[in-house]
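Worksheet: the structure to be examined is printed underneath.
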Amino acid sequence: MPLFKSKKEKKADIILLAAYSKKTRVIGKEGKIPWKLKGERDLFKEVTAHKRIIMGRKTFEEIGKPLPYCTIIVVSKSLASVPQGCLLARSFEEAVKLSDGAVLVAGGQSLYEEVLPLATKIYATEILEDYQGDRFFPPLDGLWRRYLLEEKCENNIRYEYVLYKRIK
């Protein structure tokens, strides 16, 4: 998949944005995020403000609307259209062409699985409590270095902001 226009241009960074239960890797249950953490939502807003972010149809449907602070690129083969303020792509490769600068991917499971081998960084909120669910963030192989950015607790739910960088 070509992510750059010529051999002289640098390959675009592909950055995954994810929140998941650290132990079970759960990201969703029955189409919903199983936790409500204002701090995690605030971090997502901070990272994605004034940018274009890529997400799959199911993730977009869970959000249910465009976000005023960013442009969502929805990857879907089945949707005929998306609301004003969003963009529609039929594949990840097409979504990359609609991106500007770094490629930010915000779920869900199928898109994470497709894009993880191409990713250069992962900004993750790792929830330290156990959650059960039916959608998961894929396991990471040994090609990643983990950096703890911050530890938090909200509503008796402990979580960590972490950055993973691909080891070259």
Side-chain angles (χ1 to χ4, degrees), residues 1-28 33-35 37 39-60 62-63 67 69-76 87 89-131 133-152 158-168:
M1 173 184 325
L3 296 177
F4 48 89
K5 295 175 184 158
S6 73
K7 291 182 180 180
K8 292 182 182 180
E9 283 186 270
K10 186 180 175 191
K11 183 177 174 180
D13 273 332
I14 297 177
I15 302 167
L16 305 185
L17 308 172
Y20 54 84
S21 171
K22 187 174 180 179
K23 185 174 183 179
T24 60
R25 306 202 71 77
V26 165
I27 60 173
I33 297 171
W35 49 81
L37 297 171
E40 197 274 325
R41 288 190 311 272
D42 289 346
L43 178 67
F44 183 84
K45 182 177 182 179
E46 180 182 322
V47 171
T48 61
H50 310 294
K51 295 182 176 84
R52 292 184 175 189
I53 59 169
I54 299 170
M55 64 180 62
R57 175 188 56 82
K58 291 177 186 174
T59 301
F60 177 72
E62 194 278 328
I63 293 171
L67 299 173
Y69 51 84
C70 66
T71 300
I72 298 173
I73 303 169
V74 182
V75 177
S76 173
L87 301 171
R90 298 295 175 202
S91 66
F92 176 68
E93 186 173 60
E94 185 180 325
V96 168
K97 291 176 185 174
L98 296 172
S99 296
D100 51 1
V103 177
L104 301 175
V105 179
Q109 179 178 324
S110 298
L111 201 52
Y112 285 143
E113 289 169 348
E114 177 182 350
V115 177
L116 182 61
L118 306 170
T120 53
K121 295 178 187 171
I122 302 167
Y123 285 99
T125 301
E126 293 183 336
I127 314 296
L128 302 180
E129 312 304 322
D130 286 345
Y131 284 92
D134 51 22
R135 306 306 290 166
F136 301 90
F137 189 79
L140 301 180
D141 56 26
L143 301 175
W144 296 92
R145 180 166 288 130
R146 182 182 190 268
Y147 300 90
L148 176 63
L149 303 177
E150 188 175 358
E151 297 177 68
K152 297 195 91 162
R158 296 175 308 119
Y159 58 103
E160 299 173 336
Y161 296 138
V162 298
L163 166 64
Y164 286 92
K165 289 186 178 180
R166 186 174 290 282
I167 299 169
K168 307 244 180 210

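These figures come from a predicted structure and were not determined experimentally.
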- Calculate, to the nearest 0.5 Å, the distance between atoms CD1 and CH2 belonging to Ile27 and Trp35 respectively. 8.0 Å
- Taking the six-membered ring of Tyr161 (Phe, Tyr or Trp), confirm whether the NZ or CZ of Lys152 is under 6.0 Å from its centre and within 45° of its axis. no
- How many angstroms lie between OG in Ser99 and CG in Leu87, if you round to the nearest 0.5 Å? 9.0 Å
- NZ (Lys51) with more than 12 external heavy atoms under 6.0 Å: yes
- Does the Arg52 side chain pair with the main chain of Ile73, one donor and one acceptor, at a distance under 3.5 Å? no
- Check: Thr24 side chain, Asp130 main-chain N or O, donor-acceptor pair, under 3.5 Å: no
- Message: Which residue in the set Val96, Leu104, Leu116, Leu118 passes side-chain contact (heavy atoms from CB on, under 4.5 Å) when paired with Ile14?
- Response: Leu118
- Message: For Leu16 and Phe137: C-alpha separation, side-chain torsions, deciding distance, then whether side chain to side chain contact (heavy atoms under 4.5 Å, CB included) applies.
- Response: CA-CA 10 Å; Leu16 305 185; Phe137 189 79; 4.1 Å; yes
- Tyr20-Glu126 side chain donor-acceptor pair, cut-off 3.5 Å: yes
- Query: Given Phe44 and Tyr69, is the side chain to side chain contact (heavy atoms under 4.5 Å, CB included) satisfied, shown in steps?
  - Reply: CA-CA 10 Å; Phe44 183 84; Tyr69 51 84; 3.6 Å; yes
- Message: One pair to check against salt bridge (Lys or Arg N to Asp or Glu O under 4.0 Å): Arg146 and Glu160. What are the steps and the verdict?
- Response: CA-CA 11 Å; Arg146 182 182 190 268; Glu160 299 173 336; 2.6 Å; yes
- Rounded to the nearest 0.5 Å, what separation is found between the CD1 atom of Ile127 and the OH atom of Tyr159? 7.5 Å
- Message: Under a 3.5 Å distance rule, please check whether Thr120 uses its side chain to pair with a backbone N or O of Ile15 as donor and acceptor.
- Response: no
- Dump the intermediate steps for side chain to side chain contact (heavy atoms under 4.5 Å, CB included) on Ile33 and Glu40, then the final yes or no. CA-CA 12 Å; Ile33 297 171; Glu40 197 274 325; 5.7 Å; no
- Donor-acceptor pair, Arg25 side chain versus Pro138 backbone, under 3.5 Å? yes
